[in-house]
**Student:** 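The structure that follows is given in the form of structure tokens.
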Amino acid sequence: MFNVQLSFTNTTIFQFSSSFMAQHHLQLAATSSHGWLRATPSDAHSETSADKRWDSLAFNPVKTDYIYVMKSCKDGSFSNGGLRQYGNIEISPSAAVLNYGQNKNGSIILFRVEENGLRMRVGGDRMCMPAPTIEQFVEAVTSTVSANERWVPPSNKGFLHVQPLLMGNGPVLSLIPAPEFIFLIYVTPVRNYFEGGLKPINVVVENDIHRATLGGVGNIKAIGNYAGIMKAQAKAKANGFSDVLYLDSIHNRYLEEFSTANVFIVKDNTISTPVLGRTILPGITRKSIIEIAHRQGFKVEEQLVPVEELFDADEVFCCGNAVCVLPVGSITLNGKRVDYGESGFVVSQQLYSALANIQMGLIEDKMGWTTLLN
């Protein structure tokens, strides 16, 4: 048995993890009347330990075998979805997603896959987009992962991103919901995020650009949430920082999020994180960390967190589906830098290990978060 990590996203990153129990792979069988492909077990794609494709992995898309595509019906429901060979999808040149950004973004263990399906439905409702049922979402994810089983790297080589997308299609010129929608899942193997172990990141606090505003869509996985922070990200990286920490748009004082991750502050036995609202993304990793921290005896406070608390914190860490839990080594605000790490990032490491062990199937899942694929 060897362990691998899987993650999936709606434009950025959702995460679940897996543990391979067998070496069988999949091949195409007969197509149905809808043109969909059925995957069946086969040794046709078996690989040897000398396989070199994992050695050059990066965080770039790789052409895998299959994608999952499902279109909405006129009543907004989804049906007749299935696997297709990886390739371009047909989309109207006047599609809503292109004009107005109407976009949502062995054995295998899926981590909290139902929660991800629920979040797509909540986000879809906010964007006036019908979404697949949770049952359809789970079936689509499991089918796509199983069909692309051979693209899951060995645990020491990388992991598999599984990315569900919900897109508005059909010709639209007016600012109205799209006439039809496409639900699509594709997967791609990528290298390990934590090559060389957990490496603390250096972050800068952004004062001018805000990730989200009240009344917007900062609390869902919408495409527009990420376009607006590209300039701040580029500037930060040019200055040697790994990421940006954003403040609220009203007071410019309270912590909100990193670019694609939630933020936590540790002081003594208390862990603080910004309270969910209309601008904070309800991360599934965030939710999991809070539940684990409670079980480990920490006091967890969800509240407004003033930026000044950064200077008195014992630890700061971020969490998200790609990074899991990642310690922050330093934060710079208005030219003033505060460094962390004197404690050895004990809390960050403790929470990371607890979550990763569940995701990888290394310990018993007493939380009921994992789904086993045979």
Side-chain angles (χ1 to χ4, degrees), residues 13-15 17 111-112 115 119 193-194 197-205 211-212 218-219 242-248 251 253-277 279-333 337-359 363 365-369:
I13 299 168
F14 287 159
Q15 174 168 305
S17 298
F111 182 72
R112 306 198 81 165
E115 288 279 347
R119 187 164 68 175
Y193 194 94
F194 298 115
L198 289 176
K199 296 179 179 179
I201 59 174
N202 299 314
V203 175
V204 63
V205 176
R211 176 191 166 273
N219 62 335
S242 304
D243 204 350
V244 177
L245 180 56
Y246 296 91
L247 303 177
D248 75 287
H251 306 283
R253 181 192 175 196
Y254 298 103
L255 303 185
E256 293 238 317
E257 293 186 33
F258 294 96
S259 301
T260 58
N262 295 107
V263 59
F264 287 80
I265 291 181
V266 181
K267 181 62 178 179
D268 299 325
N269 197 51
T270 300
I271 300 176
S272 302
T273 190
V275 63
L276 295 180
T279 59
I280 304 294
L281 186 70
I284 295 168
T285 307
R286 174 190 182 275
K287 181 177 182 180
S288 303
I289 287 297
I290 290 174
E291 294 182 47
I292 289 173
H294 276 304
R295 286 200 166 208
Q296 292 186 348
F298 290 98
K299 179 182 179 182
V300 181
E301 296 180 343
E302 298 181 72
Q303 60 188 15
L304 293 176
V305 182
V307 67
E308 295 85 4
E309 291 192 12
L310 293 173
F311 295 102
D312 192 41
D314 298 328
E315 290 183 47
V316 177
F317 65 86
C318 63
C319 76
N321 291 316
V323 301
C324 191
V325 176
L326 189 60
V328 174
S330 74
I331 292 182
T332 299
L333 171 63
R337 171 171 166 152
V338 56
D339 291 286
Y340 309 100
E342 289 187 4
S343 67
F345 305 107
V346 173
V347 176
S348 304
Q349 181 66 58
Q350 180 176 323
L351 294 173
Y352 166 76
S353 296
L355 180 58
N357 285 340
I358 294 175
Q359 293 175 330
I363 62 174
D365 174 20
K366 296 181 179 180
M367 314 293 279
W369 290 344

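Only this structure's heavy atoms are used, side chains among them; waters, hydrogens and symmetry mates stay out. Note that the structure is predicted; figures quoted are calculated from it, not measured.
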**Student:** Any side-chain heavy atom of Leu355 within less than 4.5 Å of one from Ile289?
**Tutor:** yes
**Student:** Test side-chain contact (heavy atoms from CB on, under 4.5 Å) on Ile271 and Leu351 and set out the steps.
**Tutor:** CA-CA 11 Å; Ile271 300 176; Leu351 294 173; 4.0 Å; yes
**Student:** For Asp243, give me all partners under side-chain hydrogen bond (donor to acceptor under 3.5 Å, both in side chains), at least two apart in sequence or on another chain.
**Tutor:**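 With neighbours one apart ignored, the set is Ser259.
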**Student:** For Asn269, enumerate each residue passing the side-chain hydrogen bond (donor to acceptor under 3.5 Å, both in side chains) test, keeping only those at least two apart in sequence or located in another chain.
**Tutor:**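 So Asn269 forms no side-chain hydrogen bond (donor to acceptor under 3.5 Å, both in side chains) with any residue.
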**Student:** If you round to the nearest 0.5 Å, how far is CD1 of Ile284 from CZ of Phe111?
**Tutor:** 8.5 Å
**Student:** Just to verify, what does Arg253 make a side-chain hydrogen bond (donor to acceptor under 3.5 Å, both in side chains) with, not counting sequence neighbours?
**Tutor:**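 Checked Arg253 against side-chain hydrogen bond (donor to acceptor under 3.5 Å, both in side chains); matches are Glu308.
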**Student:** If I compare all heavy atoms of Cys318 with all of Ile201, which pair ends up nearest, and what's the gap?
**Tutor:**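 For Cys318 and Ile201, the tightest heavy-atom pair comes out as SG-CD1, 4.2 Å.
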**Student:** Between Trp369 and Ser288, what is the shortest heavy-atom contact and its length?
**Tutor:** CH2-O, 3.6 Å
**Student:** Tell me the closest heavy-atom pair linking Glu257 and Gly218, and the distance in Å.
**Tutor:**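 Heavy atoms only, the tightest pair is OE2-O, 4.4 Å.
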**Student:** Yes or no on side-chain contact (heavy atoms from CB on, under 4.5 Å) for Ile265 and Leu255, after CA distance, side-chain angles and deciding distance?
**Tutor:** CA-CA 10 Å; Ile265 291 181; Leu255 303 185; 3.6 Å; yes
**Student:** Can you name the side-chain contact (heavy atoms from CB on, under 4.5 Å) partners of Glu315, sequence neighbours left out?
**Tutor:**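 Scan of Glu315 (side-chain contact (heavy atoms from CB on, under 4.5 Å), adjacent residues dropped) gives Val266, Ser343, Phe345, Val346, Val347, Ser348.
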**Student:** Applying side-chain hydrogen bond (donor to acceptor under 3.5 Å, both in side chains), name anything that partners Ser353, two or more places apart in sequence or on another chain.
**Tutor:**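 In terms of side-chain hydrogen bond (donor to acceptor under 3.5 Å, both in side chains), with neighbours along the sequence ignored, Ser353 is linked to Gln349.
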**Student:** What are the two closest non-hydrogen atoms of Tyr340 and Leu310, and how far apart are they?
**Tutor:**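 Looking at all heavy atoms of both residues, the closest pair is OH-O, 2.6 Å.
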**Student:** Restricting to non-hydrogen atoms, name the atom on Ala354 and the atom on Gln296 that form the minimum distance, rounded to 0.1 Å.
**Tutor:** CB-NE2, 3.5 Å
**Student:** I'd like to check Leu276 versus Asn219 (side-chain heavy atoms, cut-off strictly below 4.5 Å). Are they in contact?
**Tutor:** no
**Student:** Return yes if some donor-acceptor pair links the side-chain N/O of Asn357 with the main-chain N/O of Ile363 below 3.5 Å, else return no.
**Tutor:**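 A pair under 3.5 Å: no.
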**Student:** Return a table of donor-acceptor pairs under 3.5 angstrom between the side chains of residues 298-306 and protein atoms on other chains or two or more places apart.
**Tutor:**
unit_1 : atom_1 : unit_2 : atom_2 : d
Lys299 : NZ     : Glu301 : OE2    : 3.2
Glu301 : OE1    : Gln303 : NE2    : 3.2
Glu302 : OE1    : Arg286 : NH1    : 3.3
Glu302 : OE1    : Arg286 : NH2    : 2.7

**Student:** Just by modelled atom types, is the Val263 backbone N or O under 3.5 Å from a matching donor or acceptor in the Thr273 side chain?
**Tutor:**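 A pair under 3.5 Å: yes.
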**Student:** In Å, rounded to the nearest 0.5 Å, how long is the span from CG of Asn262 to SG of Cys319?
**Tutor:**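 Rounded to the nearest 0.5 Å, the CG-SG separation comes to 5.0 Å.
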**Student:** Salt bridge (charged side-chain N to carboxylate O under 4.0 Å, His left out) with Asp365: which residues, sequence neighbours excluded?
**Tutor:**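 Not a single residue meets the salt bridge (charged side-chain N to carboxylate O under 4.0 Å, His left out) criterion with Asp365.
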**Student:** Is any side-chain heavy atom of Arg119 less than 4.5 Å from a side-chain heavy atom of Leu281?
**Tutor:**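 SC-SC contact between Arg119 and Leu281 confirmed.
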**Student:** Ignoring hydrogens and geometry, is there a side-chain-to-backbone donor-acceptor pair from Arg211 to Thr260 under 3.5 Å?
**Tutor:**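 Looks like no, no N/O pair under 3.5 Å.
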**Student:** Walk me through whether Asp248 and Thr279 qualify under side-chain contact (heavy atoms from CB on, under 4.5 Å).
**Tutor:** CA-CA 8 Å; Asp248 75 287; Thr279 59; over 6 Å; no
**Student:** Please identify each residue that fulfils salt bridge (charged side-chain N to carboxylate O under 4.0 Å, His left out) with Glu256, with sequence neighbours left out.
**Tutor:**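 None.
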**Student:** Give me each pair satisfying salt bridge (charged side-chain N to carboxylate O under 4.0 Å, His left out) with a member in residues 267-277, each pair once, sequence neighbours excluded.
**Tutor:**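 Listed by first then second residue: Lys267-Asp312, Lys267-Asp314.
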**Student:** Would you find a donor on one side and an acceptor on the other, under 3.5 Å apart, between the side chain of Arg337 and the backbone of Ser330?
**Tutor:**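 A pair under 3.5 Å: no.
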**Student:** Which pairs pass ring pair (Phe, Tyr, Trp, His ring centres under 6.0 Å) with one or both residues in residues 302-332, sequence neighbours excluded?
**Tutor:** Phe264-Phe317
